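A short worksheet on the structure shown next.
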Amino acid sequence: MLIRPWRDGDRGLVVAAQEYLSPRTIDRRFLVGSGGRLPSSYLAHIAAGPRPEWDAQVAVDGGVLCGWAEYGRIPGGGPAADLAVLVADPWQRTGLASALIRALVQRMIAAGVTTIHADVAGSNAPSRGLVRALAGSDPGPSYADGLLHYAFGLAAVPVESLVRS
Ligand SMILES: CC(C)(COP(=O)(O)OP(=O)(O)OC[C@H]1O[C@@H](n2cnc3c(N)ncnc32)[C@H](O)[C@@H]1OP(=O)(O)O)[C@@H](O)C(=O)NCCC(=O)NCCS
């Protein structure tokens, strides 16, 4: 399994990876009923590749994209970013999301991000478990518009938790 920064051509790997994504996984990531396909607006969004407003970290095995973590921010150089992650169904619960996020967070810090935001549905038990596992405890999200909202200051993330693989 190779974990690396996003590079040109990865949008094609995302499209091909849909074969390994259940509708539930896509719905949980995009917080909408997806019909089992990645939203076309999202595929257009990632086609532009890495830029100050967006970047991602991918996990690839034998040419198959197994998962990716990404952040977005407006303005491009701003200190706050939204973080999202998706792991394809066959590779879930193997530590991939944790590894992707740790690698991406190091790059976010280098890019000037100081605060991470993440929204998840209250019914998304895997994501809540992932947040608990990464934060070391339940960070106590706020609740708005039917979603749990997490906010993390990156200065509070122990260096050890960033480098553990
Ligand atoms: C949430 C998601 C990214 C987790 O990915 P993953 O690679 O399976 O997560 P990891 O294997 O790194 O799990 C790390 C920890 O998270 C927690 N966790 C992960 N999946 C869990 C589940 N199904 N139930 C409970 N806890 C879970 C556990 O504490 C786990 O550690 P453990 O396996 O040692 O117990 C994945 O389920 C997914 O892609 N879901 C759909 C998209 C989504 O909801 N994205 C998040 C919102 S942006």
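Because the structure is a prediction, the values reported are computed rather than measured. Computation of the quantities below employed the complete heavy-atom set of this structure, encompassing side-chain atoms and omitting hydrogens, waters and symmetry-equivalent molecules. Indexing begins at 1, ligand by ligand and atom by atom, following the structure's order.
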Should we say atom CG of Leu43 is surrounded by more than 12 heavy atoms from elsewhere, each under 6.0 Å from it?
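Yes, the 6.0 Å shell around CG holds more than 12 heavy atoms from other groups.
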Tell me whether the count of non-hydrogen atoms from other residues, nucleotides or ligands lying under 6.0 Å of CZ in Arg4 goes above 12.
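Counting other residues, nucleotides and ligands, CZ of Arg4 exceeds 12 neighbours.
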Does a side-chain N-to-carboxylate-O contact under 4.0 Å join Asp55 and Arg73?
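Judged by the 4.0 Å cut-off on N to carboxylate O distance, Asp55 and Arg73 do not form a salt bridge.
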If we ignore hydrogens and angles and just use 3.5 Å, is the side chain of Arg132 paired with the main-chain N or O of Pro139 as donor and acceptor?
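Flag not set: sc Arg132 to bb Pro139 has no pair under 3.5 Å.
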Indicate yes or no for a side-chain donor-acceptor contact from Glu53 to the backbone of Pro75 under 3.5 Å, with no hydrogens or angles considered.
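Not confirmed, Glu53 side chain does not pair with Pro75 backbone.
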Can you confirm whether Met108 sits close enough to Leu83 that some side-chain heavy atom of one is under 4.5 Å from a side-chain heavy atom of the other?
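In contact.
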What short N/O contacts, under 3.5 Å, does ligand 1 make with the protein, listed by atom pair and distance?
residue	atom	partner	partner atom	Å
ligand 1	7 (O)	Ala97	N	2.9
ligand 1	8 (O)	Arg93	N	2.5
ligand 1	11 (O)	Thr94	N	3.3
ligand 1	11 (O)	Gly95	N	2.7
ligand 1	12 (O)	Ser98	N	3.1
ligand 1	12 (O)	Ser98	OG	2.6
ligand 1	16 (O)	Leu130	N	3.3
ligand 1	33 (O)	Arg93	NE	3.0
ligand 1	35 (O)	Arg93	NH2	2.9
ligand 1	39 (O)	Val87	N	2.8
ligand 1	39 (O)	Val87	O	3.4
ligand 1	44 (O)	Asn124	ND2	2.7
ligand 1	44 (O)	Ser127	OG	3.2
ligand 1	45 (N)	Val85	O	2.7

